[in-house]
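What follows is a single structure, written as structure tokens, with notes after it.
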Amino acid sequence: MLNLGVRAHDFSNDGLEAAAEAISNKGFKTIQLALAKSIPGFNKSVATLTPGFAQAVRQTLAERDIRIAVLGCYINMAHPDKAVMRSLLDYFKAHIRCSRDFGISVVGTETGSVNADYSHHPDNHGEAAFNSFIANLAELVEEAEKFGTVVCIEAVTRDVINTPQRMKRALDTIQCNNLQVIFDPVNMISAENHTEQRRIVDDSFDLFADRISVVHSKDFVIENGVMKTVETGKGLLDYRHLLGLLKQHKPGVDVLFENAVPATVHQSVRFLNELYDEV
């Protein structure tokens with residue numbers, strides 16, 4: 001069985017109620033929610049995140065029988081400015097503290113860059129960036145332990161955590177079950193390594209299948225030597241292989257579409273469901 005969901009902000013720019021209606025109309029019951037992307041005028045501050053606010057969001061979604069699988073709080077976990085980094089950590093911690101009021105147990109983020117604007121820097125894959133990231137991550141995981149919440153990190157080729165091996169190292173360094181993984185195979189694929197996609201997926205399952213809490217679903221193509229992401233089922237990702245591993249190791253895991261287009265998302269749903277039945 002596949003538990004398929006979407007990102008709320010892919011379905012409407014007109015507020016959470018409009019997104020919830022559009023998502024429900026397409027038959028989805030599960031979402032990833034990024035507050036600033038889904039609520040117009042949302043004030044990205046610690047002060048905004050209160051139990052009452054979180055419960056109101058939860059109620060709005062519950063009226064459409066929608067649950068939050070991941071509360072997205074994507075911050076630059078390797079920001080070079082210590083003052084900015086402190087504000088980002090405090091903001092993430094506020095998400096953790098309100099997680100139960102949102103009705104969720106997972107707060108997710110990518111792992112960041114030593115460039116303040118989140119752009120790629122070659123030092124992202126070095127020791128100093130890794131150690132700085134780990135120090136920040138450990139603080140968040142400690143907070144998550146207090147509130148019974150899980151911090152999920154997502155690897156990206158340009159970021160500090162960019163390969164299955166580096167993800168495994170981060171998990172081994174923190175050694176806490178309140179740290180888990182959002183697995184997006186396309187995020188670890190590039191124009192340079194796309195022919196090795198099966199190895200990347202296999203390495204991920206060999207190294208940390210037990211720590212995968214959520215899966216992101218999208219696809220990719222290579223055009224003129226440049227990788228571009230596309231909707232699930234419209235690219236080169238070996239979904240037959242991936243779904244076979246999910247069926248074996250992660251039955252029932254939340255699989256959330258990225259960059260889904262409401263008008264065509266039914267094609268991706270059919271693609272995954274039919275392939276999943278075959279493997």
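Scope of the values below: all heavy atoms of this structure, side chains included, with no hydrogens, waters or symmetry mates. Residue numbers count from 1 along this sequence.
- Salt bridge present: D65 and K29 bring a charged side-chain N and a carboxylate O closer than 4.0 Å.
- R67 has a carboxylate O that lies under 4.0 Å from a charged side-chain N of D254, or vice versa, which qualifies the two as a salt bridge.
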**Request:** Go through the steps for V269 and F257 under the test side-chain contact (heavy atoms from CB on, under 4.5 Å), then give the verdict.
**Result:** CA-CA 9 Å; V269 170; F257 291 113; 3.8 Å; yes
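- The CG atom of L275 sits 10.0 Å away from atom OH of Y239, with the distance rounded to the nearest 0.5 Å.
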**Request:** Start with the C-alpha gap between E21 and K26, add the side-chain angles, then the distance that decides, and say whether salt bridge (Lys or Arg N to Asp or Glu O under 4.0 Å) holds.
**Result:** CA-CA 9 Å; E21 181 176 1; K26 291 295 182 181; over 6 Å; no
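- Using a 4.0 Å cut-off between a side-chain N of Lys or Arg and a carboxylate O of Asp or Glu, D101 and R58 do not qualify as a salt bridge.
- The side-chain heavy atoms of T149 and K146, taken from C-beta on, include no pair separated by under 4.5 Å.
- Summarising the geometry of L237 relative to K218, their closest heavy-atom pair is CD2-O, 4.0 Å, with the distance given to 0.1 Å.
- The shortest side-chain heavy-atom distance between F102 and L35 falls under the 4.5 Å cut-off.
- In this structure, the side chains of N187 and D159 stay at 4.5 Å or more apart for every pair of heavy atoms.
- A pairwise comparison of heavy atoms in P164 and S204 identifies CG-OG, 3.4 Å as the closest pair.
- Between the side chains of N193 and S190, at least one donor N or O sits under 3.5 Å from an acceptor N or O.
- With rounding to the nearest 0.5 Å, the separation of CG in L4 from OG in S217 is 8.0 Å.
- Closest non-hydrogen pair, I66 versus S24, comes out as CD1-N, 4.2 Å.
- Residues satisfying the ring pair (Phe, Tyr, Trp, His ring centres under 6.0 Å) criterion with H216, sequence neighbours excluded, are absent altogether.
- Electrostatic pairing of R169 and E127 counts as a salt bridge here, judged by a charged N lying under 4.0 Å from a carboxylate O.
- Note: the hydrophobic cluster containing V253 also contains F28 (ILVMFWY, side chain heavy atoms under 4.5 Å, direct or indirect links).
- Remark: the T109 side chain and the E154 side chain contain no N/O donor-acceptor pair separated by less than 3.5 Å.
- Considering only heavy atoms from C-beta on, Q180 stays 4.5 Å or farther from L171 through its side chain.
- Not counting sequence neighbours, T195 has no partner by the side chain to side chain donor-acceptor pair (under 3.5 Å) test.
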**Item:** C176/E145 under side-chain contact (heavy atoms from CB on, under 4.5 Å): CA gap, chis, key distance, verdict
**Value:** CA-CA 9 Å; C176 178; E145 285 186 277; 3.6 Å; yes
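- A salt bridge is absent between D202 and R198; no separation between the charged side-chain nitrogens and carboxylate oxygens falls under 4.0 Å.
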**Request:** Walk me through it: do V186 and M227 pass the test side-chain contact (heavy atoms from CB on, under 4.5 Å)?
**Result:** CA-CA 10 Å; V186 172; M227 177 178 161; 3.4 Å; yes
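- A salt bridge does not link E17 to R64: none of the charged side-chain nitrogens sits closer than 4.0 Å to a carboxylate oxygen.
- Pairing each heavy atom of N124 with each of S119, the nearest pair is ND2-O, 4.2 Å.
- At a threshold of 4.5 Å between non-hydrogen side-chain atoms, the residues V84 and N76 do not count as touching.
- Residues V181 and I174 are members of one and the same hydrophobic cluster, defined by side-chain heavy-atom contacts under 4.5 angstrom among Ile, Leu, Val, Met, Phe, Trp and Tyr.
- A salt bridge links R158 and E110; the closest N-O separation between the charged side-chain nitrogens and carboxylate oxygens is under 4.0 Å.
- Using a 4.5 Å cut-off on side-chain heavy atoms (C-beta onward), L49 and R97 make no contact.
- Every residue two or more places apart in sequence or in another chain was checked for a ring pair (Phe, Tyr, Trp, His ring centres under 6.0 Å) with F11, and none qualifies.
- Remark: N25 engages no residue in a side chain to side chain donor-acceptor pair (under 3.5 Å) (not counting sequence neighbours).
- Side-chain atoms of D238 and Q197 form no donor-acceptor pair, as typed in the model, at a separation below 3.5 Å.
- Cluster membership check: I153 does not share its hydrophobic cluster with V114, using side-chain heavy-atom separations under 4.5 Å among Ile, Leu, Val, Met, Phe, Trp and Tyr.
- Atom CG of residue L71 and atom OG of residue S99 lie 8.0 Å apart, to the nearest 0.5 angstrom.
- Contact of the Y276 side chain with the F271 side chain is not registered, since no non-hydrogen atoms from C-beta on lie closer than 4.5 Å.
- Between Y91 and H95, the two ring planes are perpendicular [angle over 60°; tilted spans 30° to 60°].
- In this view, F147 satisfies the ring pair (Phe, Tyr, Trp, His ring centres under 6.0 Å) rule with no residue, not counting sequence neighbours.
- Atom-to-atom distance recorded for L179:CG and E142:CD is 13.5 Å, nearest 0.5 angstrom.
- The hydrophobic cluster containing V261 does not contain L272, counting ILVMFWY residues as joined when their side-chain heavy atoms lie under 4.5 angstrom apart, directly or transitively.
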**Request:** Determine, stepwise, if the pair D184 / V215 fulfils side-chain contact (heavy atoms from CB on, under 4.5 Å).
**Result:** CA-CA 6 Å; D184 186 332; V215 175; over 6 Å; no
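- The environment of CD in Q165 is crowded: more than 12 heavy-atom neighbours from other residues, nucleotides or ligands sit within 6.0 Å.
- Counting non-hydrogen atoms of other residues, nucleotides and ligands closer than 6.0 Å to NZ of K37 gives a total of 12 or fewer.
- There is no side-chain donor-acceptor pair under 3.5 Å between T30 and N3.
- Its side chain within the 4.5 Å cluster rule, V150 clusters with V70, Y74, V106, I182, V214, L256 among the Ile, Leu, Val, Met, Phe, Trp and Tyr residues.
- Taking NE2 of H79 as the reference point, atom CG of L89 lies at 11.0 Å (rounded to 0.5 Å).
- Atoms CG and CZ, on N43 and F53 in that order, are 10.0 Å from each other to the nearest 0.5 Å.
- Cluster annotation: V279 is connected to L245 through the hydrophobic network of ILVMFWY side chains, with a link wherever side-chain heavy atoms come within less than 4.5 Å.
- T173 is not listed as a side-chain neighbour of F133, based on a closest heavy-atom distance of 4.5 Å or more.
- Other residues, nucleotides and ligands contribute only 12 or fewer heavy atoms inside 6.0 Å of the NZ atom of K44.
- Contact between I23 and I31 at its shortest, heavy atoms only, is CD1-CG2, 3.7 Å.
- The number of heavy-atom neighbours closer than 6.0 Å to CG of N13, taken from other residues, nucleotides and ligands shown, is 12 or below.
- Side-chain contact of T232 with S268: a donor-acceptor pair under 3.5 Å is absent, judged by distance alone.
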